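The structure appears below as structure tokens.
All heavy atoms count here, side chains included; hydrogens, waters and symmetry mates do not. These figures come from a predicted structure and were not determined experimentally.
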Amino acid sequence: MKTLKDVKIGQSCTVAKLHGEGAVKRRIMDMGVTKGVEILVRKVAPLGDPIEVTIRGYELSIRKEDAEKIEVL
């Protein structure tokens, strides 16, 4: 299983599935991360947290912990 955390800088991926329960999954979906959407990884902080991505035309920073819950293709 490949997650958003594993995607390298400059690469694009497509969301396959969201893992997590309740409020965590809801928060990820509220940020626009849903099945089938394309994500471009723009930057990763020096210590790997957070990850800056472009999704649906806007830039978003996602914690490494949340990125591990986003399965990608």
Side-chain angles (χ1 to χ4, degrees):
M1 175 179 88
K2 184 177 176 182
T3 65
L4 182 58
K5 185 185 140 217
D6 303 323
V7 179
K8 304 291 180 211
I9 297 171
Q11 291 184 329
S12 292
C13 58
T14 303
V15 176
K17 186 176 182 181
L18 295 176
H19 299 278
E21 296 294 321
V24 175
K25 187 173 181 179
R26 173 90 275 169
R27 190 179 79 240
I28 292 170
M29 290 176 72
D30 287 345
M31 291 188 286
V33 181
T34 55
K35 186 177 178 182
V37 75
E38 189 172 311
I39 297 176
L40 169 67
V41 176
R42 308 225 346 133
K43 299 179 198 169
V44 178
L47 297 176
D49 200 15
I51 299 168
E52 186 177 305
V53 299
T54 299
I55 181 170
R56 297 181 190 263
Y58 69 95
E59 292 183 5
L60 174 69
S61 291
I62 299 178
R63 295 183 305 183
K64 188 168 38 175
E65 179 184 325
D66 292 338
E68 290 175 341
K69 295 179 175 141
I70 303 169
E71 185 177 336
V72 298
L73 300 173

Short side-chain to backbone donor-acceptor contact, D6 and T3, under 3.5 Å = yes
Apply side chain to side chain donor-acceptor pair (under 3.5 Å) to K69 and list each qualifying residue two or more places apart in sequence or on a separate chain.
-> none
side-chain hydrogen bond (donor to acceptor under 3.5 Å, both in side chains) contacts touching residues 11-21 (sequence neighbours left out) | H19-E71
Should the pair R27-D30 be classified as a salt bridge under the 4.0 Å nitrogen-to-oxygen rule?
-> no
Of M1, K2, K5, the one forming a side chain to side chain contact (heavy atoms under 4.5 Å, CB included) with V72 is K2
State, to 0.1 Å, how close L73 and C13 come at their nearest heavy-atom pair, and which atoms those are.
-> O-CB, 3.6 Å
Return the minimal non-hydrogen interatomic distance between L4 and I62, and the atom names on each side.
-> CD2-CD1, 3.9 Å
Per-pair distances, 0.1 Å, donor-acceptor, side chain in residues 31-53, under 3.5 Å, sequence neighbours excluded:
from	atom 1	to	atom 2	distance (Å)
T34	OG1	R56	NH2	2.5
R42	NE	E59	OE2	3.3
R42	NH2	E59	OE2	3.3
D49	OD1	K64	N	2.7

